[in-house]
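Written below as structure tokens is the structure these notes are about.
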Number of protein chains: 2
Amino acid sequence: MMRVHRSLFDAHVERWVAGLPPGDLHAPMAYLLGLPAKRIRPVLTLMSCELFGGDPRTALDQALAIELFHNFTLMHDDIMDEAPLRRGRPTVHARWNVNTAILSGDAMLVMAYSILGADPSVLETFNRHALEVCAGQQLDMEFERRQDVSLTEYKGMIRLKTAVLLAAALRIGAIRAGAGAEDQERIAAFGEGVGLAFQLRDDLLDAFGDPAHTGKEQGGDLRNGKKTWLLIRGLEVERRRGTDVLRTQLALDPHARRIPTMVAALRDLGVEQEAQAEVQRLADAALDQLHRIDPSGVRVGALRNLAVSLIDRTA
Amino acid sequence: MMRVHRSLFDAHVERWVAGLPPGDLHAPMAYLLGLPAKRIRPVLTLMSCELFGGDPRTALDQALAIELFHNFTLMHDDIMDEAPLRRGRPTVHARWNVNTAILSGDAMLVMAYSILGADPSVLETFNRHALEVCAGQQLDMEFERRQDVSLTEYKGMIRLKTAVLLAAALRIGAIRAGAGAEDQERIAAFGEGVGLAFQLRDDLLDAFGDPAHTGKEQGGDLRNGKKTWLLIRGLEVERRRGTDVLRTQLALDPHARRIPTMVAALRDLGVEQEAQAEVQRLADAALDQLHRIDPSGVRVGALRNLAVSLIDRTA
């Protein structure tokens, strides 16, 4: 079922890209949208629309607007993070230049709104969440400079930066299908929970995943001293226990840090287990929302499978 | 009359700024909106609304959205131009940093849309013109790298980058007042003409204005080799006449260029006179649109005065 939505959406994106004028304002949009991607958000919009009795094809434009918004954030975030690669290919500012990436991103956001404008009923939801995503990116940058980020703050940032856009994608599909207010709240809460669990799973995979599956250096976040759930919690437990393995490693230059030592410390401190339990709690709560929407489990089966595949992934 | 609109709008902006949350996402918005500014665009929205029989207070939110959009473009354009100063004060990226200026600008655009969303009838106009402004900025950057920009191309760029937002400001005021389609076209055409004349006047003031009035170095554009109407036209006439005063100066390093020589050449080539005639033609055509809207001249008097003051200014 998900594959059908994916094909529907891919064809819609291709048509949109084919209609773009030539030139440096639009070429970066075509380039970024042409990179391999999971298209989770737009597929969620179509699935949510169908779940509540709508024809998913009637939500294609809204799904496109959400994917354009997501790609706008990628284009600008990559500038801010000075990232050379995105999905294994040069980022837009690396391939063109920073100015082109700023301006093309701006235009992509405006184009997302042009598409959304056709159905003002979803605008408010979109706007609220769009602003939350900006606030999340702001917190993310702020946390890089701060040493005292708490777990609560971290989860708040992840909620804004990642989870709310999944919630928005689902809620907008529900609105298109004419779902009631209660169902809208439930499907949005489901999306937020899946988003949080997804990100926490990402943190876990960085430290404990198999590089042969993830394709990334094990412990890249630890080497960079990135304040993830694991590191924040690990430092908390160390302070309570009076140990300092993580703190000692973090005091070293990034290239001198011993990643296996840090990974072992996170395990010894019980942080891996704690994080896994947290993922499970978030997933259970999210799936419970699906159950409330459809106690029979028949209509929500596809969404449940997608959520489980996102949360239980090993890569 | 204009002063009333200006006060109305200033109070509205102040209320909006006072309601902004603290933090680096919103502080740059408050800072940029707090710099001295003419507020031409939002005042045009209020005046247009009143012209067509609406209460200008019912267009305050739309005027605010247009001013936020304008400030979003300033924040991002200043990054692209590496401008250290805006209205005599540090630009946002200079006072904070580039990342903050990118993100705060993004959020300001989203907030403009949040405000606009309350009346979807103006969204399409806003979107069309917003995209044109992005395209204009793209052309402006492209022209910096090109040597063969024609007058037609330059006017096309200025239309997109400057004139269409004045047109949008006026059209949105007209839509709020419930003006008919024909009146909407006329007031937009008036705005576009005023915008073009305003920019050409700007080019003229750079070369021929009195630094004591403009507060800027005379011929700054010429020193930077900026392809304005005057320089493009001057080089055209030189090619036809087989002279090369401008070309010889442009071949020198910027600091070695003799500005009085270049200014005199533009005068000798008849370019100053030609540009003044073009400003007059544009102004006449724009004012003719006002005449069609209100042959008595009574209702459009305030807009006429504002247009004339913008076009005939010496600073």
Side-chain angles (χ1 to χ4, degrees), chain A residues 21 23-29 69 72-73 75-82 93 96-142 144-145 160, chain B residues 21 23-29 69 72-73 75-82 93 96-142 144-145 160:
Chain A
D24 276 3
L25 190 62
H26 299 98
M29 303 178 197
F69 177 82
F72 141 76
T73 65
M75 218 187 267
H76 280 190
D77 285 2
D78 282 343
I79 303 172
M80 299 182 215
D81 299 340
E82 298 179 36
H93 68 272
W96 280 268
N97 53 63
V98 168
N99 285 358
T100 297
I102 293 175
L103 192 60
S104 184
D106 290 345
M108 190 151 44
L109 177 56
V110 171
M111 290 172 99
Y113 275 109
S114 294
I115 294 167
L116 278 178
D119 175 8
S121 71
V122 304
L123 256 187
E124 201 229 315
T125 296
F126 185 86
N127 277 325
R128 192 173 62 241
H129 293 310
L131 206 54
E132 288 178 332
V133 172
C134 292
Q137 171 68 6
Q138 169 61 31
L139 285 178
D140 196 11
M141 296 198 301
E142 197 180 305
E144 276 177 33
R145 300 189 303 266
L160 293 170
Chain B
D24 276 2
L25 190 61
H26 299 98
M29 304 179 195
F69 177 82
F72 141 76
T73 66
M75 217 188 267
H76 280 190
D77 286 3
D78 282 344
I79 303 172
M80 300 184 216
D81 299 340
E82 297 178 36
H93 68 272
W96 281 268
N97 54 62
V98 168
N99 285 357
T100 296
I102 293 175
L103 192 61
S104 184
D106 290 345
M108 191 152 42
L109 177 56
V110 171
M111 290 171 99
Y113 275 109
S114 293
I115 294 167
L116 278 177
D119 175 8
S121 71
V122 304
L123 255 188
E124 200 228 316
T125 296
F126 185 86
N127 277 324
R128 192 172 62 243
H129 293 310
L131 207 53
E132 287 179 332
V133 172
C134 292
Q137 170 68 6
Q138 168 62 31
L139 285 178
D140 197 11
M141 296 199 301
E142 198 181 306
E144 276 177 34
R145 300 190 303 266
L160 293 169

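Here is the naming used below: chain letters follow the sequence lines, and residue numbers restart at 1 for every chain. The model shown is predicted, which means the values in this text are computed figures rather than measured ones.
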Okay, A:L131 and chain B: the region with an atom under 4.5 Å from a heavy atom over there is both

Bottom line for B:M80: the part with an atom under 4.5 Å from chain A's heavy atoms is both

*Please examine the side chains of B:V110 and A:Y113, heavy atoms only from C-beta on, and report whether any two atoms are closer than 4.5 Å.*
yes

Rounding to 0.5 Å, atoms CG (B:N99) and CG (A:D81) come to a distance of 7.5 Å

- Message: With heavy-atom distances below 4.5 Å as the criterion, would you say the side chains of B:M141 and A:D24 are in contact?
- Response: no

The interface call for B:F72 against chain A, heavy-atom contacts under 4.5 Å, is side chain

Bottom line for B:L25: the part with an atom under 4.5 Å from chain A's heavy atoms is both

Distance col, row A:D106:CG vs B:T73:OG1, nearest 0.5 angstrom, shows 9.5 Å

In this structure, SG of B:C134 is separated from NE2 of A:H26 (nearest 0.5 Å) by 8.5 Å

When the 4.5 angstrom heavy-atom criterion is applied to B:Q137 and chain A, the contacting part is both

Turns out that what part of B:L123 lies under 4.5 Å from chain A's heavy atoms comes down to side chain

Looking only at A:S114, A:A135, A:G117, most heavy-atom pairs under 4.5 Å shared with chain B are made by A:S114

One should read off an interatomic distance between A:I115 CD1 and B:N127 CG, to the nearest 0.5 angstrom, of 10.0 Å

Is the ring pair A:H76/B:H76 parallel, tilted or perpendicular, if the boundaries are 30 and 60 degrees?
perpendicular

